Amino acid sequence: GPEQPELPEKEEGEKDGSEGTDDRARAVFFDEHTDASFLTLAPCSSTAGLQMRESRDGGGWLDVEQGLPGLHSNEGDLVIFIGDFLEVLTKGHFAAACHRVACANESMRRLSMPFLVRGQPGSVIDTTDLATPDRPLLRLEGMSYSALRRFLDLKGRRRFKGPRLLTASNAG
C-alpha cells in the first residue's frame, strides 16, 4: 500500500506557530524545503496545509493558508514567497521561505499548483548596473542562469531536508 505520512515529534513546551494546533497531530506530506526559484506563487490550495517556518533560525510552523478561501472561491488568494535564487542575489537580505505541506488529517486530499518563477537555462544574469554599495545585491557579471542553478545545487541549500519529497521515482 502507499506510504503513510510521518507524524513529527514535538518537544514538550515547543510552540508550533499554528494557532494552537498540536503539531504531533499533523501528517507531513511534503517535508521542509526551500524552492529553487526566484519567487513561488502558490494559489491557495483546495485544502489548507502549506506551512512556513516562523523564522530563519527554525521556530514553529505557521499555517499560511488557514482562513483563506482557496481554490473553491473567486477570491484568487495567492501565497507569494522568496526562493533560493533571490536569497543568493540579495546576499540573504530576503531569505528563502522554508516551508512544508502538513494536514491535520492524513486522509485529506489536496490540490496545489504552485508556479515557480525561474530563469531560462540559456539566460544570462548581469547585476553590474544594479549592484551598488548601498544595495544588498550580489554583483554578477554575465553569469548564466544554469551556472547559478548548478552552484545552488552543489551548495545544497535547504531544499532537501526529509524523506517525503517528490522525486522521479514517486512522481508518477
Side-chain angles (χ1 to χ4, degrees), residues 3 5-6 8 16-18 23 26-71 75-103 108-127 130-131 135-138 140 143-172:
E3 272 188 56
E6 265 180 46
D16 63 14
S18 58
D23 204 33
R26 298 186 76 79
V28 176
F29 290 96
F30 200 76
D31 272 323
E32 178 175 348
H33 65 284
T34 57
D35 290 341
S37 65
F38 290 101
L39 294 172
T40 297
L41 305 141
C44 287
S45 177
S46 57
T47 302
L50 179 62
Q51 294 183 316
M52 302 274 180
R53 274 280 183 208
E54 204 168 340
S55 69
R56 289 185 194 204
D57 302 327
W61 290 103
L62 300 172
D63 291 314
V64 296
E65 293 174 311
Q66 201 67 34
L68 298 176
L71 294 178
E75 296 296 317
D77 290 320
L78 282 175
V79 178
I80 301 172
F81 47 97
I82 305 295
D84 295 332
F85 296 144
L86 200 54
E87 179 175 339
V88 168
L89 288 175
T90 63
K91 300 179 186 177
H93 184 75
F94 296 106
C98 191
H99 58 285
R100 71 179 186 179
V101 175
C103 294
M108 292 179 111
R109 296 206 176 261
R110 175 181 158 80
L111 175 64
S112 176
M113 295 185 294
F115 177 75
L116 281 68
V117 179
R118 297 178 170 162
Q120 292 294 315
S123 62
V124 174
I125 301 170
D126 192 322
T127 62
L130 303 171
R135 288 190 184 140
L137 188 62
L138 184 65
L140 296 176
M143 180 179 229
S144 72
Y145 170 81
S146 56
L148 179 59
R149 172 89 194 235
R150 281 192 305 276
F151 168 76
L152 287 173
D153 287 345
L154 288 173
K155 191 173 179 185
R157 302 298 296 142
R158 292 175 304 245
R159 287 194 305 264
F160 307 106
K161 283 275 189 183
R164 300 214 181 280
L165 294 176
L166 188 62
T167 64
S169 63
N170 67 14

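Note: hydrogens, waters and symmetry copies are ignored here, and every other heavy atom, side chains too, is used. Just so we're clear, the structure is a prediction, and the values are computed from it rather than from any experiment.
A search for side-chain contact (heavy atoms from CB on, under 4.5 Å) contacts involving Leu116 returns Asp35, Ser37, Thr40, Pro114, Arg118, not counting sequence neighbours. By the ring-ring contact (aromatic ring centres under 6.0 Å, His included) test, Tyr145 is found to be paired with Phe85, residues two or more places apart in sequence or in another chain being considered. Remark: Thr90 engages Leu86, His93, Phe94 in a side-chain contact (heavy atoms from CB on, under 4.5 Å) (not counting sequence neighbours). In this structure, Ser55 has no side chain to side chain donor-acceptor pair (under 3.5 Å) partners at least two apart in sequence or on a different chain.
Counting only distance, with no hydrogens or angles, the side chain of Arg135 and the backbone of Leu130 share a donor-acceptor pair below 3.5 Å. Side chain of Ser45 to main chain of Leu111: a donor-acceptor pair is present (N/O by atom type, distance under 3.5 Å, no hydrogens or angles).
Side-chain contact between Val88 and Leu138: present, with at least one pair of heavy atoms (C-beta onward) separated by less than 4.5 Å. The side-chain heavy atoms of Asp126 and Leu140, taken from C-beta on, include no pair separated by under 4.5 Å. Contact check for His99 versus His33: side-chain heavy atoms found under the 4.5 Å cut-off. Contact check for Val79 versus Met52: side-chain heavy atoms found under the 4.5 Å cut-off.
Here Ser112 contributes atom OG and Phe30 contributes atom CZ; the two are 10.0 Å apart, rounded to the nearest 0.5 Å. Annotation: the span from Arg53 atom CZ to Thr34 atom OG1 amounts to 12.5 Å, rounded to 0.5 Å. To the nearest 0.5 Å, the span separating CG on Leu50 from CZ on Arg100 amounts to 10.5 Å.
Nearest heavy-atom pair, Phe38 versus Gly119, reported as atom, atom and distance to 0.1 Å: CE1-N, 3.6 Å. In terms of heavy atoms, Cys103 sits closest to Ala48 at SG-O, 3.7 Å. What you find for Met143 and Leu148 is that their closest heavy atoms are SD-CB, 4.1 Å. Across Pro43 and Glu65, no two heavy atoms sit closer than the pair O-OE2, 4.2 Å. Annotation for Ala102 and Gln51: closest pair CB-OE1, 3.4 Å, computed over non-hydrogen atoms.
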For a side-chain contact (heavy atoms from CB on, under 4.5 Å) check, start with the C-alpha distance between Trp61 and Val28, then their side-chain angles and the critical distance, and finish with the verdict. CA-CA 12 Å; Trp61 290 103; Val28 176; over 6 Å; no

